[in-house]
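Computed from a predicted structure; not experimentally measured. Just so it is clear: chains get the letters A, B, ... in the order the sequence lines come, proteins before strands, and each one is counted from 1.
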Number of protein chains: 2
Amino acid sequence: MSAEPTGDELLTVLGTLANPHRLRVIAALTRERTYVSRLARDLGISRALLQLHLRKLEAAGLVTARLELSPDGKAMKFYEVTPFAYRLTPQAIAAAAPTLSTDDAEKGTR
Amino acid sequence: MSAEPTGDELLTVLGTLANPHRLRVIAALTRERTYVSRLARDLGISRALLQLHLRKLEAAGLVTARLELSPDGKAMKFYEVTPFAYRLTPQAIAAAAPTLSTDDAEKGTR
DNA sequence: TGCACATGCCAAGAAAAGCTAGCAGGTGTC
DNA sequence: GACACCTGCTAGCTTTTCTTGGCATGTGCA
């Protein structure tokens with residue numbers, strides 16, 4: 001899938017990564033998986049904001065979430081990065097562009 | 001530069017490419033260089049809109065413009081893609097993220 | 001019971017991006 | 001002169017995205 005993404009997939013990934021907070025989230029999760037509250041503290045942003053960005057990242061398939069119980073019974077949501085790999089070159093874009101949805105159809109893909 | 005882009009550079013590129021019109025422009029210019037009016041007709045969008053997108057693409061360094069005179073003396077602005085290449089992986093992002101501007105400084109770079 | 005820490009959601013304002021419509025200029029041909 | 005091309009600009013509207021603040025849930029511990 002990373003070899004030849006569809007136009008829409010590529011567009012989603014680009015749109016999702018085009019944000020400083022989300023880039024930092026990916027960077028942090030690449031170093032080590034964590035749970036929401038801790039990540040919010042580390043990055044210095046509010047939990048609500050972080051959750052929103054995490055939701056987008058997850059929707060784009062760039063991270064995955066797992067709900068786990070800590071030893072003392074607290075529910076914690078751990079996130080980790082998906083090992084994605086996209087090549088960003090004129091040729092790759094030229095190959096993907098023809099499959100971009102024409103703005104009318106497509107509703108249930110996202 | 002493509003090997004290890006700064007966080008801000010990467011962010012700019014991602015933000016610039018995260019648009020269906022601009023992806024189509026890159027795709028079209030990869031096939032052949034053209035001038036503004038023709039490209040607008042080919043893509044089926046208004047010239048004003050296309051110029052806006054071309055400006056962004058040029059600002060991000062993804063395309064270059066050259067003003068040329070056609071045989072009959074008309075001024076035409078030809079665009080062509082820059083042969084860029086970015087790798088989009090968790091590791092690449094983790095490497096670039098630390099150099100993201102912290103939102104206070106940086107004014108004259110863009 | 002009160003506190004600390006975990007999760008989740010949502011309304012509503014602020015900021016950024018996208019797009020249109022209309023204007024300006026230039027050259028060459030019929 | 002009228003028309004067909006080419007270029008450029010921008011004010012102002014619309015839409016999307018971002019962000020905050022508040023509120024609700026649940027657990028364990030002193």
Side-chain angles (χ1 to χ4, degrees), chain A residues 8 11-25 33-60 62-79 100-104 106-107 110, chain B residues 8 11-25 33-60 62-79 100-104 106-107 110:
Chain A
D8 291 328
L11 189 57
T12 300
V13 170
L14 289 172
T16 302
L17 290 179
N19 177 292
H21 286 321
R22 292 197 283 268
L23 285 184
R24 289 200 194 92
V25 168
R33 42 172 299 195
T34 3
Y35 56 97
V36 184
S37 289
R38 184 149 113 70
L39 188 52
R41 281 193 295 270
D42 290 354
L43 297 179
I45 63 178
S46 74
R47 233 183 54 255
L49 181 56
L50 176 60
Q51 281 179 320
L52 216 102
H53 288 309
L54 283 172
R55 237 176 274 159
K56 285 208 173 183
L57 286 168
E58 190 175 14
L62 300 176
V63 305
T64 54
R66 201 180 321 184
L67 198 63
E68 298 183 13
L69 292 187
S70 65
D72 56 327
K74 284 181 190 157
M76 300 161 91
K77 198 164 189 180
F78 278 83
Y79 279 88
L100 280 168
S101 54
T102 50
D103 203 29
D104 0 280
E106 203 229 354
K107 298 293 175 201
R110 283 203 180 147
Chain B
D8 291 328
L11 188 57
T12 300
V13 169
L14 289 171
T16 303
L17 291 178
N19 177 290
H21 288 320
R22 293 197 282 268
L23 284 184
R24 289 199 193 91
V25 168
R33 42 172 298 195
T34 2
Y35 55 97
V36 183
S37 290
R38 184 150 113 67
L39 187 53
R41 281 194 296 270
D42 291 354
L43 297 179
I45 64 177
S46 75
R47 230 185 56 256
L49 182 55
L50 176 59
Q51 281 179 321
L52 222 90
H53 287 308
L54 283 172
R55 236 176 276 160
K56 283 207 175 183
L57 286 168
E58 191 175 13
L62 300 176
V63 304
T64 54
R66 201 180 321 185
L67 198 62
E68 298 183 11
L69 292 187
S70 66
D72 57 327
K74 283 179 191 158
M76 299 160 93
K77 197 165 190 179
F78 278 82
Y79 278 89
L100 279 168
S101 54
T102 49
D103 203 31
D104 2 279
E106 204 228 357
K107 297 293 176 204
R110 286 207 177 140

Review point. Residues two or more places apart in sequence or in another chain: which of them pass side chain to side chain donor-acceptor pair (under 3.5 Å) with A:R55?
Key: none

Check your understanding: Given D:dC9, is OP1 or OP2 found less than 4.0 Å from the side-chain N or O atoms of B:Q51?
Key -> no

Revision key, fill the gap. Heavy-atom nearest pair, B:L62 first then B:L17, reads CD1-CD2, 3.6 Å

Practice item. Only counting residues at least two apart or in another chain, list the ones meeting salt bridge (Lys or Arg N to Asp or Glu O under 4.0 Å) with A:R47. Key: none

Exercise for review: Please list, chain by chain and in numerical order, all residues satisfying side chain to side chain contact (heavy atoms under 4.5 Å, CB included) with B:A48, sequence neighbours excluded.
Suggested key: B:S46

Review point. Nearest nucleotide by nearest heavy atom, which residue falls closer to the 5' end of DNA chain C, B:G73 or A:K74?
Key: A:K74

**Study point:** Residues in contact with DNA chain D, drawn from residues 33-48 of chain A - heavy-atom cutoff 4.0 Å
**Key:** A:S46, A:A48

Polar pairs (N or O, both sides) under 3.5 Å between protein and nucleotides 16-18 of chain C?
from: C:dG18; atom 1: OP1; to: B:N19; atom 2: ND2; distance (Å): 3.1
from: C:dG18; atom 1: OP1; to: B:R22; atom 2: NH2; distance (Å): 3.1
from: C:dG18; atom 1: OP2; to: B:K56; atom 2: NZ; distance (Å): 2.5

Check your understanding: In whole angstroms, how far is the P atom of C:dA4 from the CG atom of A:D72?
Key -> 16 Å

Revision key, fill the gap. Residues passing the side chain to side chain contact (heavy atoms under 4.5 Å, CB included) test with B:A65, sequence neighbours excluded, are B:E58, B:K77, B:Y79

Check your understanding: Can you list the residues that meet the ring pair (Phe, Tyr, Trp, His ring centres under 6.0 Å) rule with A:Y35, with sequence neighbours excluded?
Key -> A:F78

Practice item. Could you tell me the separation between the CE atom of B:M76 and the C1' atom of C:dG25, rounded to a whole number of Å? Key: 17 Å

**Study point:** Listed once per pair and sorted, the ring pair (Phe, Tyr, Trp, His ring centres under 6.0 Å) pairs that draw on residues 36-56 of chain A, sequence neighbours left out
**Key:** A:H21-A:H53

Check your understanding: For B:R55 and D:dT7, what is the distance between atoms CZ and P respectively, to the nearest whole Å?
Key -> 13 Å

Point to revise | Atom-pair distance (CG on B:L50; P on C:dT20), nearest Å | key: 12 Å

Point to revise | Nearest heavy atoms of A:T16 and A:A60, plus distance in Å | key: OG1-CB, 3.4 Å

Practice item. Take the protein atom CG of A:L67 and the nucleotide atom C1' of D:dT27, then report the distance between them rounded to whole Å. Key: 13 Å

Point to revise | Contacts of A:R66 that satisfy salt bridge (Lys or Arg N to Asp or Glu O under 4.0 Å) - sequence neighbours left out | key: A:E80

Review point. Just how far, in rounded Å, is P of C:dC9 from CG of A:L54?
Key: 12 Å

